[in-house]
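Both ligands and their constituent atoms are indexed starting at 1 by order of listing.
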Amino acid sequence: GNESTVSITVVGASGDLAKKKIFPALFALYYEDCLPKHFTIYGYARSKMTDAELRNMVSKTLTCRIDKRENCNVKMDEFLGRCFYHPGQYDSQENFAELDKKLKEHEVGRISNRLFYLSIPPNIFVDAVKCASTSASSANGWTRVIVEKPFGRDSESSAALTKSLKQYLTEDQIFRIDHYLGKELVENLSVLRFSNLIFEPLWSRQYIRNVQLIFSEDFGTEGRGGYFDHYGIIRDIMQNHLLQILALFAMETPVSLDAEDIRNEKVKVLRSMRPIQLEDVVIGQYKSHTKGNVKYPAYTDDKTVPKDSLTPTFAAAALFIDNARWDGVPFLMKAGKALHTKRAEIRVQFRHVPGNLYNRNFGTDLDRATNELVIRVQPDEAIYLKINNKVPGLGMKLDRSNLNLHYAARYSKEIPDAYERLLLDAIEGERRLFIRSDELDAAWSLFTPVLKELEETKINPEYYPYGSRGPVGAHYLAARYGVRWGDLA
Ligand code: BG6
């Protein structure tokens with residue numbers, strides 16, 4: 001049969017995401033010989049630019065892990081030779097038809113598969129999808145579209161977006177990215193759990209006391225205030241990235257590793273979640289802080305943010321799954337910007353050993369003596385397990401030590417960027433790491449009511465200094481469920 005070719009069009013090619021993530025990821029895939037033999041990459045955006053200018057832009061913004069490698073320049077030139085640019089409006093059938101013509105020139109005699117990456121603001125998603133699908137879809141192969149959040153800002157707007165997209169595309173053609181699913185340690189979560197006998201049987205309320213999903217960044221909304229103020233940290237991080245991790249963590253064993261089997265289980269667990277109560281949510285916003293002679297700005301110092309904005313830049317929440325496996329186990333989430341550190345991790349705190357012979361060695365604070373499994377998603381990927389151990393010597397003193405799997409020490413191969421894995425999967429039609437529309441609905445159903453309550457009652461955020469550990473309210477929330485945040489212990 002005919003050989004096939006894939007044309008990848010980055011719609012919104014001059015934007016931040018395209019420059020920082022998409023082009024570097026495509027290049028890394030090329031460098032690793034993962035792209036199909038025949039491929040073409042098109043940048044599409046409104047600004048006038050020549051192919052040479054696009055190539056120059058791409059080469060300059062190459063920030064990926066490859067740029068320190070041997071042979072990088074040669075590969076880079078080959079790669080750039082396959083990159084082109086087409087200027088056009090996002091809602092112009094005519095401009096997309098011109099693109100179609102150009103794509104065809106590269107595809108002659110081959111089955112043409114087409115992938116569009118919409119790296120544009122959500123208010124123009126539908127127009128672009130309409131034009132791409134009617135004027136530039138493949139005549140004899142597949143057409144797929146990658147979209148990335150925000151998918152609306154509540155159940156209604158998300159459902160409306162889904163409905164509009166489905167006028168032009170089938171569910172099979174839509175690849176909704178949650179880039180956290182492309183992260184190495186998130187992918188590993190199910191390997192860790194389902195292929196290790198020392199974990200699999202323990203994964204339930206019987207042995208797990210609580211689970212913590214923690215995201216922190218040590219910088220504010222610098223430059224993104226306009227976007228951020230419309231969404232806030234709950235929509236930006238919790239409703240998607242942390243909830244996706246929770247679903248993978250807590251789902252029942254899927255029938256197989258097929259995308260539909262996995263996503264069925266994720267949807268099930270999301271639908272088993274108890275509605276989030278307002279009192280189980282704490283919100284915060286960063287205020288300015290001066291350290292030495294550096295003044296770190298408040299969130300509302302951002303020119304694009306209203307001075308009286310109540311938008312949370314920090315949130316903590318307690319969630320529960322009302323099913324047999326997780327009944328009563330608090331899943332605590334915490335996400336914040338402008339905190340003291342940049343980190344994303346999952347912490348699993350286990351129960352006490354019943355009738356522990358060594359209880360007296362722990363004094364009155366038995367919580368400190370329980371096992372804790374930490375999955376550090378980033379930076380400096382690691383999985384470690386806190387265990388009790390005898391301090392070597394003649395006495396009997398116990399100590400908490402770590403069994404430590406430190407990726408940098410154990411594996412010499414670099415960890416690919418999340419976008420590399422996701423782009424490759426989209427090209428190969430592997431849907432496991434993409435969000436199905438019923439999953440998206442379930443995620444919004446969980447968060448929409450409490451978001452509405454927060455916004456309608458105009459709850460004031462707790463203010464915390466830029467670079468601090470966040471509002472103290474997060475501790476009270478955890479304490480209410482007998483939990484201590486593991487990252488601050
Ligand atoms: C994005 C959020 O989805 O994820 C950003 O919109 C956030 O606010 C980013 O900074 C974090 O991603 P990563 O991969 O840098 O942890």
Side-chain angles (χ1 to χ4, degrees), residues 12 15-22 24-25 28 61 63-65 117-122 125 146-153 158 175-189 213-246 283-286 299 302 304-305 309 311-315 333-346 375-382 407 414-423 433-435 440 443-444 447 451 466-467 470 487:
D16 226 35
L17 183 73
K19 286 197 273 197
K20 283 200 189 128
K21 295 290 184 182
I22 305 171
T61 57
T63 51
C64 73
R65 62 193 171 89
Y117 196 126
L118 299 193
S119 178
I120 48 177
F125 275 177
I146 298 180
V147 285
E148 194 159 356
K149 75 156 211 290
F151 305 121
R153 60 191 302 286
S158 167
F175 286 68
R176 295 180 194 83
I177 280 195
D178 183 307
H179 81 285
Y180 265 62
L181 292 182
K183 293 192 187 263
E184 184 64 38
L185 271 76
V186 176
E187 250 235 300
N188 186 54
L189 198 51
L213 305 156
I214 301 171
F215 168 97
S216 67
E217 278 180 341
D218 55 0
F219 48 88
T221 56
E222 282 94 313
R224 290 173 76 233
Y227 151 81
F228 192 86
D229 201 63
H230 193 53
Y231 294 94
I233 198 81
I234 298 178
R235 293 182 180 90
D236 191 47
I237 305 291
M238 279 190 175
Q239 181 269 355
N240 36 68
H241 305 328
L242 296 187
L243 189 63
Q244 283 297 321
I245 295 177
L246 183 151
I283 57 171
Q285 190 188 85
Y286 63 90
Y299 172 63
D302 189 320
T304 52
V305 170
S309 172
T311 300
T313 59
F314 174 99
M333 286 185 179
K334 185 164 74 165
K337 295 199 171 265
L339 294 172
H340 73 298
T341 184
K342 175 169 166 58
R343 200 190 296 165
E345 63 188 11
I346 307 164
I375 299 166
R376 190 161 67 222
V377 175
Q378 67 187 33
D380 199 18
E381 294 79 352
Y407 272 52
E414 293 157 83
I415 295 179
D417 187 74
Y419 285 89
E420 293 172 37
R421 190 187 318 273
L422 294 168
L423 275 160
L433 301 180
F434 296 88
I435 313 296
L440 180 62
W444 275 124
F447 275 96
L451 281 165
Y466 194 119
D487 62 328

Side chains of Y407 and D380: donor-acceptor distance under 3.5 Å anywhere?
no
Are a donor atom and an acceptor atom from the side chains of T311 and D229 found within less than 3.5 Å of each other?
yes
Which atoms of ligand 1 are found less than 4.0 Å from any heavy atom of K337?
5 (C), 7 (C), 8 (O), 10 (O)
Show the atoms of ligand 1 that are less than 4.0 angstrom away from any heavy atom in D236.
2 (C), 5 (C), 6 (O), 8 (O)
Please report the C-alpha distance between E345 and R376 in whole Å, then the side-chain angles of each, then the deciding distance to 0.1 Å, and finally whether the salt bridge (charged side-chain N to carboxylate O under 4.0 Å, His left out) criterion is met.
CA-CA 4 Å; E345 63 188 11; R376 190 161 67 222; 5.6 Å; no
Of all protein heavy atoms, the one nearest atom 16 (O) of ligand 1 is Y180 OH, 2.4 Å
Could you list which atoms of ligand 1 come closer than 4.0 Å to a heavy atom of Q378?
13 (P), 16 (O)
Considering only protein heavy atoms, which is closest to atom 14 (O) of ligand 1, and at what distance to one decimal place?
K183 NZ, 2.6 Å
How close does the nearest protein non-hydrogen atom get to atom 15 (O) of ligand 1, and which residue and atom is it?
K342 NZ, 3.7 Å
For the pair Y117 and Y419, name the ring-plane relationship: parallel under 30°, tilted 30 to 60°, perpendicular over 60°.
tilted
Give a yes-or-no answer on whether the side chains of Y180 and Q378 include a donor-acceptor pair shorter than 3.5 Å.
yes
Which ligand 1 atoms are under 4.0 Å away from a heavy-atom of H241?
1 (C), 3 (O), 4 (O)
State whether the side chain of R176 and the backbone N or O of I146 hold a donor-acceptor pair below 3.5 Å, judged by distance alone.
no
Nearest-neighbour protein heavy atom for atom 7 (C) of ligand 1, which is reported as residue plus atom name and distance:
E217 OE2, 3.4 Å
Heavy-atom nearest neighbour of atom 13 (P) of ligand 1 within options K20, K149, H179:
H179
D178-H241 side chain donor-acceptor pair, cut-off 3.5 Å
yes
